[in-house]
Amino acid sequence: AAMDVEPPAGTKVLRVGTADEMLDAVKNEVIDADVLVMAAAVADYHAETVASQKQKKSEEGWTVHLARTPDILRTVHGPQIRVGFAAETADVLAHARQKLAEKDLDLIIANDVLFPNNAFGSPTNQVTVLDRDGGVDAWPMLPKRQVADRLLDLICTRLDPRSPEES
């Protein structure tokens, strides 16, 4: 799938086609990483079998069996700071708290994708940041670039908790 925006200058981009390929790429790239931010949303399920050719129409219906895709963030460990995202449609904070604990994250960025101007493809986002210590910080509606900048500032503070004057 195409991205809405170009990757930032100086970034390494690895293009993958499946969740399994993404898992392998992430495992190979985070070996010496200090921070892992998993903002990509992959499908939770995939077709169990894929036909090698077009299936002709018949009088009978088709049943498609789905299999779970790997949970990349739950599988990959190592980085000092682990950040995930929870794009939800209901019980946003409860689901985010559950993901934060289950995936052993330091931070999770939660948002209600049904909230106006908050969905995929929108230039803005209103998020709530939850941390492993129980902190909850609701940010105002912001351009997505400002959300990213604030998140990076927060991650940097966790990597080096000294104040700027001490650095």
Side-chain angles (χ1 to χ4, degrees), residues 1-23 25-26 29-30 33-47 64 66-161 164:
M3 293 179 19
D4 290 340
V5 296
E6 288 299 313
T11 59
K12 179 179 180 180
V13 176
L14 301 173
R15 305 233 184 249
V16 296
T18 68
D20 287 323
E21 290 173 4
M22 183 179 281
L23 174 60
V26 171
E29 293 298 318
V30 301
D34 293 322
V35 178
L36 174 62
V37 178
M38 290 295 292
V42 298
D44 291 332
Y45 297 90
H46 67 277
V64 177
L66 301 177
R68 287 274 308 163
T69 55
D71 187 327
I72 298 169
L73 194 49
R74 187 178 291 186
T75 303
V76 175
H77 296 281
Q80 181 179 345
I81 305 287
R82 295 167 37 83
V83 182
F85 284 74
E88 303 292 345
T89 58
D91 300 321
V92 175
L93 295 183
H95 286 126
R97 280 188 191 95
Q98 182 178 357
K99 286 181 181 180
L100 180 76
E102 287 178 355
K103 298 177 190 236
D104 191 28
L105 304 177
D106 296 283
L107 298 169
I108 194 160
I109 315 310
N111 70 317
D112 181 344
V113 295
L114 296 181
F115 191 76
N117 300 316
N118 218 35
F120 299 104
S122 169
T124 58
N125 208 347
Q126 189 283 315
V127 302
T128 301
V129 179
L130 294 86
D131 68 35
R132 71 168 50 245
D133 300 320
V136 178
D137 188 10
W139 293 357
M141 181 70 74
L142 296 167
K144 286 184 177 175
R145 175 60 192 249
Q146 287 184 26
V147 173
D149 288 344
R150 286 180 72 163
L151 177 56
L152 288 175
D153 288 345
L154 182 59
I155 291 168
C156 288
T157 300
R158 288 177 164 264
L159 280 173
D160 186 358

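Since the structure is predicted, the reported quantities are computational estimates derived from the model, not experimental observations. Throughout, residue positions are numbered sequentially from 1 according to the sequence presented. Scope of the values below: all heavy atoms of this structure, side chains included, with no hydrogens, waters or symmetry mates.
The CD1 atom of Ile109 sits 10.0 Å away from atom CG of Asn125, with the distance rounded to the nearest 0.5 Å. Taken to the nearest 0.5 Å, the CG atom of Leu154 stands 10.0 Å off from the CG atom of Leu159. Taken from CG in Asp34 to CD1 in Ile155, the straight-line distance is 11.5 Å, to the nearest 0.5 Å.
A pairwise comparison of heavy atoms in Asp112 and Leu114 identifies OD1-N, 2.9 Å as the closest pair. Across Arg74 and His77, no two heavy atoms sit closer than the pair O-NE2, 3.0 Å. The minimum heavy-atom distance linking Thr69 with Ala43 is given by the pair OG1-O, 2.6 Å. Closest non-hydrogen pair, Arg150 versus Pro140, comes out as NH1-CD, 3.6 Å. Heavy atoms only, all atoms of each residue included: Val113 and Ala87 are closest at CG1-CB, 3.6 Å. The heavy-atom pair separating Ile72 from Leu23 by the smallest distance is CD1-N, 3.8 Å.
Residue pairs that meet the side chain to side chain donor-acceptor pair (under 3.5 Å) test with at least one member in residues 129-141, sequence neighbours left out, are Asp104-Arg132, Asp106-Arg132, Asp131-Arg158, Asp137-Trp139. For residues 81-97, the set of pairs meeting the side chain to side chain donor-acceptor pair (under 3.5 Å) definition, not counting sequence neighbours, comprises Glu88-Lys99.
In this structure the side chain of Arg68 reaches within 4.5 angstrom of the side chain of Asp44, judged on heavy atoms. Using a 4.5 Å heavy-atom threshold, the side chains of Thr124 and Gln126 count as separate.
Met38 pairs in a side chain to side chain contact (heavy atoms under 4.5 Å, CB included) with only one of the listed residues (Val83, Leu73, Leu105, Val76), which is Leu73. With Phe85 as reference, Val37 is the one residue of Ile108, Val37, Asn111 to meet the side chain to side chain contact (heavy atoms under 4.5 Å, CB included) rule.
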